[in-house]
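First up is the structure itself, then whatever we jot down about it.
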Amino acid sequence: MPARFKHFLAKAGSLCRTCAACIIAGLWPRHSLSDVEARLAACSSRQQVVITSGVFFLLISLGFFAAQFGWIGILIYWMTIILIIR
């Protein structure tokens, strides 16, 4: 595997892990983003992949459910995601 591709995968994985940590920190009120990121970084790489994939699978599943209610459902879905991340 070329070095550029490995670098791209590492950067994409880090970005996805940060996004998942942001959502987890938003739902877990007593812990900050840096605390959740530190806990994720302490896990093995397999556990990190499982947690990150689970969060994104849940987001996609909820997005498909919200799409059943039309543009109002998608609007409520995105507003909820924005409020969780803030």
Side-chain angles (χ1 to χ4, degrees):
M1 196 178 325
R4 289 184 117 183
F5 190 66
K6 282 185 180 181
H7 178 69
F8 172 75
L9 284 179
K11 193 166 183 132
S14 175
L15 181 64
C16 289
R17 187 179 70 208
T18 302
C19 290
C22 189
I23 292 171
I24 293 170
L27 293 173
W28 202 358
R30 286 183 233 131
H31 296 282
S32 66
L33 175 61
S34 59
D35 184 32
V36 174
E37 279 185 341
R39 285 183 177 213
L40 276 176
C43 295
S44 68
S45 59
R46 179 172 284 221
Q47 287 177 330
Q48 290 178 18
V49 168
V50 169
I51 292 169
T52 305
S53 300
V55 168
F56 282 119
F57 177 75
L58 183 64
L59 283 176
I60 290 170
S61 299
L62 290 174
F64 282 136
F65 178 72
Q68 300 299 315
F69 299 101
W71 65 271
I72 294 174
I74 293 295
L75 177 69
I76 292 170
Y77 169 75
W78 281 111
M79 292 304 293
T80 304
I81 296 298
I82 291 169
L83 288 174
I84 288 172
I85 290 175
R86 288 189 129 219

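Quick caveat: nothing in here was measured; it's all calculated off a predicted structure.
- We find the CD1-OG1 distance between Ile23 and Thr52 to be 10.0 Å, quoted to the nearest 0.5 Å.
- The two residues Cys22 and Ile85 have their closest heavy-atom pair at SG-CG2, 3.3 Å.
- Between the CD1 atom in Ile74 and the CD1 atom in Ile72 there is a gap of 11.5 Å [rounded to 0.5 Å].
- The closest side-chain heavy-atom distance from Leu62 to Thr80 is not below 4.5 Å.
- Considering NZ of Lys6 and CG of Leu9, their distance stands at 10.0 Å, rounded to 0.5 Å.
- Screening Ile51, Val55, Val49, Leu40 against Arg17 for a side chain to side chain contact (heavy atoms under 4.5 Å, CB included) leaves a single residue, Leu40.
- Other residues, nucleotides and ligands contribute more than 12 heavy atoms inside 6.0 Å of the CZ atom of Phe56.
- At a threshold of 4.5 Å between non-hydrogen side-chain atoms, the residues Phe69 and Leu75 do not count as touching.
- Note on Ile81 and Leu33: separate hydrophobic clusters, where clusters join Ile, Leu, Val, Met, Phe, Trp and Tyr whose side-chain heavy atoms are under 4.5 Å apart, directly or indirectly.
- Glu37 approaches Ala21 most closely through the heavy-atom pair CG-CB, 3.7 Å.
- With hydrophobic clusters built from ILVMFWY side chains whose heavy atoms lie under 4.5 angstrom apart, Phe65 does not share a cluster with Ile76.
- Heavy atoms only, all atoms of each residue included: Ala66 and Tyr77 are closest at CB-CB, 3.6 Å.
- Leu27 and Val50 are members of different hydrophobic clusters when ILVMFWY side chains are connected at heavy-atom separations under 4.5 Å.
- Panel note: side chain Ser61, backbone Phe57; a donor-acceptor pair is recorded below 3.5 Å.
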